[in-house]
There are 2 protein chains.
Amino acid sequence: MNTEGTRRDEIINTATELFKDKGYSAVTMRDLATAMGMKAASLYNHINSKQEILKAIIISLAEEFTQGMDAIKKLDQTAIEKLKLIVALHVDITTKNPHGMASLNNDWMHLEGQLDYYLGLRERYEQDFVEIIRDGISSNEIVDTNPEVVMFSILSTLRSLYLWIPKKEEINAKALAQNLSEVLINGINK
Amino acid sequence: MNTEGTRRDEIINTATELFKDKGYSAVTMRDLATAMGMKAASLYNHINSKQEILKAIIISLAEEFTQGMDAIKKLDQTAIEKLKLIVALHVDITTKNPHGMASLNNDWMHLEGQLDYYLGLRERYEQDFVEIIRDGISSNEIVDTNPEVVMFSILSTLRSLYLWIPKKEEINAKALAQNLSEVLINGINK
DNA sequence: CATTCAAACTAACAAGCGTTAGTTGATAGC
DNA sequence: GCTATCAACTAACGCTTGTTAGTTTGAATG
């Protein structure tokens with residue numbers, strides 16, 4: 001029963017920073033230790049394994065998305081409105097932790113014990129997403145195209161936000177979400 | 001002056017396959033050798049280093065994109081028409097080598113000697129891309145939004161195609177490019 | 001002052017890494 | 001049949017990897 005380790009959190013934050021640059025596999029415990037200003041062995045006073053760090057970064061983010069989607073799909077809203085909320089969800093989570101999103105996107109396959117759990121969350125998320133699009137097509141809100149192509153197109157953009165948000169600090173989350181929704185939903189054709 | 005090594009090509013193709021699953025850093029020369037049905041040392045009869053394999057995968061793809069963009073930007077066409085050609089370019093290259101596209105997207109930072117060259121090509125590509133969008137806004141073809149947001153949105157989708165194309169064999173390249181252009185340009189709002 | 005405790009340290013481990021050197025056996029050209 | 005070439009092999013190298021064990025330090029608590 002402690003105050004839940006600030007030192008452990010610092011290690012995880014530093015690791016997140018390093019993982020986004022070179023990926024999980026290319027970052028060594030000695031790299032991480034150097035970045036923390038200590039020796040590699042000392043890291044093990046705070047964490048149990050390298051693997052545990054990756055899990056801490058990825059799983060909490062994945063669960064945050066699942067939770068957000070669960071809330072959105074229960075709402076009594078139009079499909080288009082739900083899509084806008086999904087865009088806002090991604091912008092929000094990514095703004096708070098863009099480097100962690102790099103690991104989520106690129107290093108999930110190096111999860112060992114939690115790989116199946118992660119894949120389950122992801123599949124469920126994509127199913128919920130495509131379901132909202134199908135509803136929108138049925139209700140005549142959304143143009144009648146392949147719903148998987150639509151989801152893929154939107155989700156690819158949202159998943160890449162982590163690459164882009166850190167470069168654009170002038171724009172705030174709300175404005176970006178609105179701008180992005182506009183482009184993704186209404187297109188760019190005049 | 002030989003027939004330019006089919007065996008070397010097989011190694012590179014096999015490596016491409018392995019890299020897309022686990023990334024460059026997590027694939028060992030012994031993994032690659034096992035997948036080729038030989039011992040690690042034997043690989044060096046055909047290639048000079050692990051690094052050289054990565055370079056062979058990534059640089060040729062990057063140059064193909066540069067070449068495609070150079071051709072498109074010289075054309076006397078509307079901006080929207082040029083965007084459709086860019087979509088087709090990505091669908092085309094990705095369909096021919098989806099696994100290589102995984103390395104291009106995820107392992108470029110592990111290029112050593114050619115990193116600067118690669119980054120130069122990428123920057124030029126993105127500049128050409130955003131220039132086409134700016135032209136489209138000036139000529140009143142494209143809605144007046146932040147051109148970087150537009151480029152980012154489209155390019156993210158195109159760069160993620162490699163994840164998606166291998167799962168959708170029923171759809172052909174031409175139909176996919178058309179479908180995607182429709183969604184990206186005209187949006188999904190009815 | 002004595003004790004406790006967190007958080008750093010040194011030293012070392014077995015395993016795995018990319019790569020090199022030198023060798024072998026099969027195939028093709030003279 | 002001799003020779004050259006190709007593509008595999010065995011054996012080993014020096015280094016790096018994640019991780020463990022045991023120790024030291026300095027600050028807080030009684």
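Letters go in sequence order (proteins before strands), and every chain restarts at 1. No experiment lies behind these values; they were computed from the predicted model shown.
- Distance from the side chain of B:K39 is smallest for D:dT10 among the nucleotides D:dA8, C:dT19, D:dT10.
- In this structure, B:D135 does not pair ionically with B:K73, as no charged nitrogen and carboxylate oxygen lie closer than 4.0 Å.
- Comparing A:H46 and A:R30 against DNA chain C, the residue whose closest nucleotide sits nearer the 5' end is A:H46.
- Atom pair A:N48:CG and D:dT19:P shows a separation of 10 Å (rounding to whole Å applied).
- Closest to the side chain of A:A40, from the set C:dA21, C:dG18, D:dT19, is D:dT19.
- If you take CE of B:M38 and C1' of C:dG25, they are 16 Å apart, rounded to a whole angstrom.
- Per the geometry, OH belonging to A:Y44 stands 19 Å off C1' belonging to C:dA6, to the nearest Å.
- Here C:dG18 is the nucleotide among C:dT20, D:dA8, C:dG18 with the atom lying nearest to any side-chain atom of B:M29.
- Comparing C:dT19, C:dC17, C:dC9 against the side chain of B:T28 picks out C:dC17 as the nearest.
- Atom P of nucleotide D:dC9 and atom CE of B:M36 are separated by 11 Å, given to the nearest angstrom.
- Residues A:K22 and A:D31 are paired through a salt bridge, judged by an N-O separation under 4.0 Å between the basic side chain and the carboxylate.
- Following rounding to the nearest Å, B:K22 (NZ) and C:dG16 (P) show an atom-to-atom distance of 12 Å.
- One can place CD1 of A:I11 at 10 Å from C1' of C:dA7, the figure rounded to the nearest angstrom.
- Of the options A:I86, A:I72, A:V150, a side chain to side chain contact (heavy atoms under 4.5 Å, CB included) to A:F129 is made by A:I86 and by none of the others.
- Shown here for B:R8 and B:I47, the closest heavy-atom pair between the two residues is CG-CG2, 4.1 Å.
- OP1 or OP2 of C:dA8 lies within a sub-4.0 Å distance of a side-chain N or O belonging to A:R7.
- Counting heavy atoms of neighbouring residues, nucleotides and ligands inside a 6.0 Å radius, atom NZ of B:K20 exceeds 12 of them.
- A:S42 comes within contact range of at least one nucleobase, with a heavy-atom separation under 4.0 Å.
- When each of C:dT19, C:dA7, D:dA8 is scored by its nearest atom to the side-chain atoms of B:K50, the top-ranked nucleotide is C:dT19.
- Here the P atom of nucleotide C:dA6 and the CZ atom of A:R8 are 16 Å apart, to the nearest Å.
- Judged by distance alone with a 3.5 Å cut-off, a donor-acceptor contact links the side chain of A:N45 to the base of C:dA8.
- The CG atom of B:L43 sits 9 Å away from the P atom of D:dA8 (whole-angstrom rounding).
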